[in-house]
S.K.: 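Following this message is one structure expressed as structure tokens.
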Amino acid sequence: MSDQKPLLSICIPTYNRSKFLRVMLQALLPQVAEFGEQVEVWVIDNASPDETPAVVEESRALGPFQYCRNESNIGPLLNVLKGPSELAEGEFVWVLGDHNLIRSGALGRILKGVSANSSVDVLYSNFRCAVYPDQWPADALAGYNGPFQCLGNLRTDDGPVQRWRDLVGPENSFCTQVYAHVVRTQIWRDYWRSFALDQPYLNAQTTYPHTKMIVDRLFDAPSHYLGEPAITIFNGAQSWGNPVTQCAVFLNGLRDLVNEFGRRGVDAAIISEWKRGFCTVETSRVLSSAIRSLGVCSVFMKVIRASPFELYLWQAFWIGFCQSDCNFLARQVVRASNAVRGYPKWWIFNCRPVRWVRRIL
């Protein structure tokens, strides 16, 4: 094997999702085989108890890749970070989910785009959105070209981006997609050498570690936009799709990330649009999903008998809803809460008897 390192490392973290991984590798690996040592692929298995090892072995006939299986489950965040920050040897890293299906010929376009813009540290690649399970294919040999619902971004032309921050906006979910970013490997290694992650989904860094990394290191750095969608993602197939986790993702992680954008000078109108629009929609959707899946009575029973972490998530949902300032109810709750919180201070310093005492003294 050549001593020259690959141009691109593709990292695929997975856990207990062999049915997705089989189709994903079926779409990807034949394209990888076309480009020899320009590309390396890592499948990072978080000690899956399902048929993932068998799927990995049967997929070796499709194209070259490397397989890393953790001895025990290290949690979703560390499993995502392990590939780009420890295993990848390529100049750039592209992290894909096991439900992200590459389109026919897309790997060649990604490599061409990265090679032509190797002076930038981060590229953004457009994507298509489909619905699971309705549009999920049984097979996708050498690429998925099937139906989809919409484009991730309406812009389909390539072009330079003066600053990565110029990509930020509600129309692309505030650049939260790890699969849309191709980032220089050294950025991953240098950044995560300095951090130890806490529990998942507590804030922006533990929910969107890739985006927080880019914000901290490349917010004002030049980027490049690849407009032709490279992959199809399947909404409804996300590993974090259960209602409790969704509450934390949207109302802890995403809210904290958007507030971070506000602190860094992203247009206040963009931030306000998210709070008044996207947040309202997502809050309603997550809450209705939780009620439908658990039932109103069982929600309260679950909270009563929940673990401390589950209690925290439900508490976080309510706090996040109130602090999001996303509708009239949230704003009135915050106003009432502030009034109650300020009452002891008023009684000590500003009620009429206290003012009389102050005058006497």
Side-chain angles (χ1 to χ4, degrees), residues 5-11 38-39 80-81 83-85 88 90-97 100 102-103 106-129 151-192 204-205 207-231 233 253-254 256-267 269-271 273-274 278:
K5 67 180 182 180
L7 175 62
L8 181 67
S9 295
I10 299 175
C11 296
Q38 292 186 64
V39 185
V80 168
L81 295 176
S85 63
E91 186 175 353
F92 287 84
V93 176
W94 190 19
V95 178
L96 295 179
N100 301 156
I102 194 166
R103 299 179 65 198
L107 182 56
R109 294 194 297 272
I110 289 289
L111 289 171
K112 182 179 179 180
V114 171
S115 180
N117 299 280
S118 58
S119 61
V120 302
D121 291 324
V122 57
L123 297 88
Y124 186 98
S125 174
N126 201 2
F127 54 94
R128 307 190 309 176
C129 302
L151 294 178
N153 300 277
L154 295 179
R155 177 184 170 186
T156 57
D157 62 306
D158 293 2
V161 179
Q162 185 175 2
R163 302 171 303 178
W164 179 85
R165 66 181 292 171
D166 297 332
L167 294 167
V168 172
E171 70 281 355
N172 59 13
S173 299
F174 283 91
C175 296
T176 56
Q177 311 91 356
V178 65
Y179 49 76
H181 289 93
V182 181
V183 183
R184 192 176 300 277
T185 307
Q186 199 60 46
I187 299 294
W188 284 95
R189 292 184 182 274
D190 290 346
Y191 183 81
W192 291 107
Q205 189 176 57
T207 305
Y208 303 105
H210 47 284
T211 305
K212 186 63 164 62
M213 173 187 72
I214 294 171
V215 168
D216 286 348
R217 293 296 175 90
L218 302 170
F219 193 66
D220 290 306
S223 182
H224 193 84
Y225 180 85
L226 303 174
E228 179 66 23
I231 63 171
I233 66 117
L254 189 54
D256 185 41
L257 181 63
V258 172
N259 287 337
E260 175 74 10
F261 286 141
R263 289 190 292 270
R264 289 179 178 268
V266 170
D267 193 324
I270 294 177
I271 302 299
E273 182 180 352
W274 178 83
F278 181 80

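Residue numbers run from 1 in the order of the sequence given. Because only heavy atoms are used, hydrogens play no part in the values below, and waters and symmetry mates are left out as well, while side chains stay in.
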S.K.: Do the non-hydrogen side-chain atoms of L151 and T156 ever get within less than 4.5 Å of each other?
M.R.: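 Yes - at least one pair of side-chain heavy atoms lies under 4.5 Å apart.
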
S.K.: With the side chain counted from C-beta on, respond yes when F261 and I270 share a heavy-atom pair under 4.5 Å apart, and no when they do not.
M.R.: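 Side chain of F261 against side chain of I270, heavy atoms only: no contact under 4.5 Å found.
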
S.K.: So do C175 and I214 actually touch side chain to side chain, heavy atoms under 4.5 Å?
M.R.: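 With C-beta onward as the side chain, the pair stays apart.
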
S.K.: Compare every heavy atom of C11 with every heavy atom of A88, then report the nearest pair and how far apart it is.
M.R.: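 That would be CB-SG, 4.2 Å.
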
S.K.: Using only atom types and a distance under 3.5 Å, with no angle test, would you say the side chain of N126 pairs donor to acceptor with the backbone of E228?
M.R.: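 Looks like no, no N/O pair under 3.5 Å.
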
S.K.: Roughly how far, to the nearest 0.5 Å, is OG1 of T185 from CZ of F92?
M.R.: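 OG1 of T185 is found 8.0 Å from CZ of F92.
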
S.K.: Tell me the closest heavy-atom pair linking S125 and A230, and the distance in Å.
M.R.: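 Nearest pair, atom of S125 first, then A230: OG-CB, 3.5 Å.
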
S.K.: To the nearest 0.5 angstrom, please state how far the CZ atom of R263 sits from the CD1 atom of I271.
M.R.: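 Interatomic distance, R263 CZ to I271 CD1, rounded to 0.5 Å: 10.0 Å.
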
S.K.: Show the numbers, then the answer: is there a side-chain contact (heavy atoms from CB on, under 4.5 Å) between W188 and V183?
M.R.: CA-CA 8 Å; W188 284 95; V183 183; 3.5 Å; yes

S.K.: Nearest 0.5 Å, please: how far is CG in L218 from CZ in R163?
M.R.: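 Here the rounded value is 14.0 Å.
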
S.K.: Please work out whether the ring planes of F127 and Y124 are parallel, tilted or perpendicular, with thresholds of 30° and 60°.
M.R.: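 Because their plane-to-plane angle lies in the 30° to 60° range, the rings of F127 and Y124 count as tilted.
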
S.K.: Quick one: does any side-chain atom of R184 pair with a main-chain N or O of V120 as donor and acceptor, under 3.5 Å?
M.R.: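 The answer is yes, because a donor-acceptor pair under 3.5 Å joins these two groups.
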
S.K.: Do W94 and I102 have side-chain heavy atoms sitting under 4.5 Å apart?
M.R.: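 In short, these two side chains touch, coming nearer than 4.5 Å.
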
S.K.: For a quick test of reading the model, state the closest non-hydrogen atom pair linking G113 to N117 and the distance between them.
M.R.: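 Minimum heavy-atom separation between G113 and N117: O-ND2, 2.8 Å.
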
S.K.: Can you tell me how far the CZ atom of R217 sits from the OH atom of Y191, to the nearest 0.5 Å?
M.R.: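 Those atoms lie 7.0 Å apart.
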
S.K.: Are any of the side-chain heavy atoms of T176 and L254 separated by less than 4.5 Å?
M.R.: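 With C-beta onward as the side chain, the pair touches.
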
S.K.: Once rounded to the nearest 0.5 Å, what's the spacing between atom CG of L226 and atom CG of L123?
M.R.: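 One finds 5.5 Å between CG of L226 and CG of L123.
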
S.K.: Pair L8, L107 - check side-chain contact (heavy atoms from CB on, under 4.5 Å), show working.
M.R.: CA-CA 10 Å; L8 181 67; L107 182 56; 4.0 Å; yes

S.K.: Would you say H224 and P160 make side-chain contact, with heavy atoms under 4.5 Å?
M.R.: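 Side chain of H224 against side chain of P160, heavy atoms only: contact under 4.5 Å found.
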
S.K.: Could you pull out the closest heavy-atom pair between R128 and P229, with the gap in Å?
M.R.: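 Taking every non-hydrogen atom into account, CG-CB, 3.5 Å.
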
S.K.: Apply side-chain contact (heavy atoms from CB on, under 4.5 Å) to I233 and N100, showing your working.
M.R.: CA-CA 5 Å; I233 66 117; N100 301 156; 3.3 Å; yes

S.K.: Quick check: closest heavy atoms across T207 and G253, and the distance to 0.1 Å?
M.R.: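 Taking T207 first and G253 second, the nearest heavy atoms are OG1-CA, 3.4 Å.
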
S.K.: Decide yes or no for Y208 and E260: does some side-chain heavy atom of the first lie under 4.5 Å from some side-chain heavy atom of the second?
M.R.: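 With C-beta onward as the side chain, the pair stays apart.
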
S.K.: Return the minimal non-hydrogen interatomic distance between A204 and D256, and the atom names on each side.
M.R.: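 Between these two residues, the closest heavy atoms are N-OD2, 2.8 Å.
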
S.K.: Given side chains that start at C-beta, do those of Y225 and L167 come closer than 4.5 Å, heavy atoms only?
M.R.: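 Yes, side chains in contact.
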
S.K.: Test V122 against S223 for side-chain contact (heavy atoms from CB on, under 4.5 Å), laying out the working first.
M.R.: CA-CA 5 Å; V122 57; S223 182; 4.0 Å; yes

S.K.: Roughly how far, to the nearest 0.5 Å, is CE of M213 from CD1 of I187?
M.R.: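 Here the interatomic distance stands at 7.5 Å.
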
S.K.: Check D267 with R165, please: is the shortest side-chain N to carboxylate O separation under 4.0 Å?
M.R.: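 Answer for the salt bridge query: no.
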
